[in-house]
A.B. asks: 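Quick one: the structure is below, questions incoming.
All values below were derived from every heavy atom in this structure, side-chain atoms included, with hydrogens, water molecules and symmetry-related copies excluded.
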Amino acid sequence: MMRRYQIGEDPGPLEDWPFDNPFSDYKILSGAPRASGRLDSGGTGHTARAGIWRCTKGQFSCVEQGDEMMTVLSGRGRLTDMTSGDVHALAPGDTLYIHDGMRALWDIEDELTKAFFGYKADGY
């Protein structure tokens, strides 16, 4: 099935995605961010997955699981690569590529929603 996501449009129903994956080593740093999402393709046991992710305001760090291309559909924030120190502002329409294993600092200023495509050679 083909899906089309438009900037600012509601992408449909999402499930609660708690910050509990031990491989991601989540650390909540400020606020009480809550994530939700939906896989439109792939998932556990697959090398690729695509879908929607949303997070409420707050700041957290994690280890990214898979190479990922994302496009922000709504909201605002910053994503910092904690190894290189590179900081990327995120706003509707922005597209960013992140790497498997990257320690990231997410600073969500306004509830952020992204569409993503991820790849992990050894599977999710």
Side-chain angles (χ1 to χ4, degrees):
M1 171 180 9
M2 183 183 296
R3 294 200 189 250
R4 180 181 175 118
Y5 298 112
Q6 298 288 337
I7 302 300
E9 286 186 1
D10 183 358
L14 305 176
E15 302 171 358
D16 185 37
W17 282 7
F19 294 115
D20 63 359
N21 180 343
F23 298 108
S24 294
D25 188 30
Y26 288 105
K27 294 182 179 14
I28 305 299
L29 304 172
S30 70
R34 291 187 51 102
S36 57
R38 179 183 69 237
L39 290 179
D40 293 330
S41 178
T44 304
H46 293 89
T47 58
R49 62 185 183 179
I52 297 291
W53 179 85
R54 177 178 289 153
C55 190
T56 62
K57 186 175 180 176
Q59 187 181 62
F60 64 93
S61 68
C62 66
V63 176
E64 294 295 336
Q65 296 300 305
D67 295 328
E68 182 180 301
M69 178 75 72
M70 71 179 85
T71 298
V72 177
L73 300 174
S74 64
R76 298 202 178 280
R78 287 186 306 281
L79 181 63
T80 303
D81 178 334
M82 295 177 70
T83 301
S84 69
D86 291 341
V87 179
H88 303 276
L90 300 172
D94 288 341
T95 297
L96 184 64
Y97 179 80
I98 58 176
H99 298 280
D100 185 25
M102 180 182 97
R103 183 80 181 166
L105 173 64
W106 287 86
D107 187 2
I108 309 295
E109 299 163 2
D110 293 315
E111 184 176 81
L112 189 138
T113 303
K114 68 177 182 174
F116 67 87
F117 174 80
Y119 173 80
K120 189 169 182 73
D122 56 354
Y124 287 98

A.B. asks: From S24 OG over to F19 CZ, what is the distance, rounded to the nearest 0.5 angstrom?
C.D. replies: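 It comes to 10.0 Å.
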A.B. asks: Look at atom CZ of F23 and say whether more than 12 heavy atoms of other residues, nucleotides or ligands are closer to it than 6.0 Å.
C.D. replies: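 Open: at most 12 neighbouring heavy atoms sit under 6.0 Å from CZ of F23.
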A.B. asks: Walk me through it: do T56 and I108 pass the test side chain to side chain contact (heavy atoms under 4.5 Å, CB included)?
C.D. replies: CA-CA 7 Å; T56 62; I108 309 295; over 6 Å; no
A.B. asks: Would you give the length of the straight line joining atom CG of D81 to atom CE of M102, rounded to the nearest 0.5 angstrom?
C.D. replies: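 So the gap between those two atoms works out to 5.0 Å.
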A.B. asks: Passes side chain to side chain contact (heavy atoms under 4.5 Å, CB included), L14 versus W53? Steps please.
C.D. replies: CA-CA 8 Å; L14 305 176; W53 179 85; over 6 Å; no
A.B. asks: So, do L96 and F116 sit near enough that their side-chain heavy atoms are less than 4.5 Å apart?
C.D. replies: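 Result no, sub-4.5 Å side-chain heavy-atom pair not found.
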A.B. asks: Could you go step by step and tell me if N21 and Y124 meet the side chain to side chain contact (heavy atoms under 4.5 Å, CB included) rule?
C.D. replies: CA-CA 11 Å; N21 180 343; Y124 287 98; over 6 Å; no
A.B. asks: I need the E111 CD to C55 SG distance, nearest 0.5 Å.
C.D. replies: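 Atom-to-atom, E111:CD and C55:SG are 8.5 Å apart.
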A.B. asks: Could you please spell out the steps behind the side chain to side chain contact (heavy atoms under 4.5 Å, CB included) verdict for E109 and R78?
C.D. replies: CA-CA 8 Å; E109 299 163 2; R78 287 186 306 281; 2.3 Å; yes
A.B. asks: Show the nearest heavy-atom pair for residues S74 and P92, with the distance to one decimal.
C.D. replies: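 Looking at all heavy atoms of both residues, the closest pair is CA-CG, 3.9 Å.
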A.B. asks: For the hydrophobic clusters of this structure (ILVMFWY residues joined by side-chain heavy atoms under 4.5 Å, transitively), does one cluster hold both I28 and W17?
C.D. replies: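 As far as the 4.5 Å side-chain criterion goes, W17 and I28 are connected within one cluster.
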A.B. asks: Taking atom NZ of K114 and atom CG of L112, what is their separation to the nearest 0.5 Å?
C.D. replies: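 Output value for this atom pair is 8.0 Å.
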A.B. asks: Which pair of non-hydrogen atoms, one from E64 and one from D100, has the smallest distance, and what is that distance?
C.D. replies: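 In terms of heavy atoms, the two residues are closest at O-OD1, 3.5 Å.
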A.B. asks: Please check: side-chain N/O of R38 versus main-chain N/O of P13, any donor-acceptor pairing under 3.5 Å?
C.D. replies: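 A pair under 3.5 Å: yes.
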A.B. asks: Report the relative orientation of the aromatic rings in W106 and F60; use parallel for angles under 30°, tilted for 30 to 60°, perpendicular for over 60°.
C.D. replies: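 It falls in the parallel class, under 30°.
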A.B. asks: Is a side-chain donor or acceptor of Q65 paired with a backbone partner of V63 at a separation under 3.5 angstrom?
C.D. replies: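 Answer holds: yes.
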A.B. asks: Which pair of non-hydrogen atoms, one from G42 and one from L39, has the smallest distance, and what is that distance?
C.D. replies: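 Shortest heavy-atom contact: O-CD1, 3.9 Å.
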A.B. asks: With rounding to the nearest 0.5 angstrom, report the CZ to CZ distance, R34 to R54.
C.D. replies: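 Nearest 0.5 Å value for the CZ-CZ distance: 13.0 Å.
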A.B. asks: OH/Y119 to OG1/T47 distance, rounded to the nearest 0.5 angstrom?
C.D. replies: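 Between atom OH of Y119 and atom OG1 of T47 there are 5.0 Å.
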A.B. asks: Provide the closest heavy-atom pair for V72 versus A91 in the form atom of the first, atom of the second, distance.
C.D. replies: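 So the two residues come closest at CB-O, 3.3 Å.
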A.B. asks: For atom NZ of K57, is the number of surrounding heavy atoms from other residues, nucleotides or ligands below 6.0 Å larger than 12?
C.D. replies: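 Not buried by this count: 12 neighbours or fewer within 6.0 Å.
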A.B. asks: Where the side chain of D107 meets the backbone of Q59, is there a donor-acceptor pair that is under 3.5 Å apart?
C.D. replies: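 No: the side chain of D107 does not pair with the backbone of Q59.
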A.B. asks: Give the intermediate values and the outcome of side-chain hydrogen bond (donor to acceptor under 3.5 Å, both in side chains) for residues S61 and R103.
C.D. replies: CA-CA 7 Å; S61 68; R103 183 80 181 166; 2.9 Å; yes
A.B. asks: Determine whether L73 and E9 make a side-chain contact, defined as any pair of heavy atoms from C-beta on separated by less than 4.5 Å.
C.D. replies: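 No - every pair of side-chain heavy atoms lies 4.5 Å or more apart.
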A.B. asks: For residues L79 and M70, determine if any side-chain heavy atom of one lies less than 4.5 Å from a side-chain heavy atom of the other.
C.D. replies: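 A side-chain contact exists here, since the closest heavy-atom pair is under 4.5 Å.
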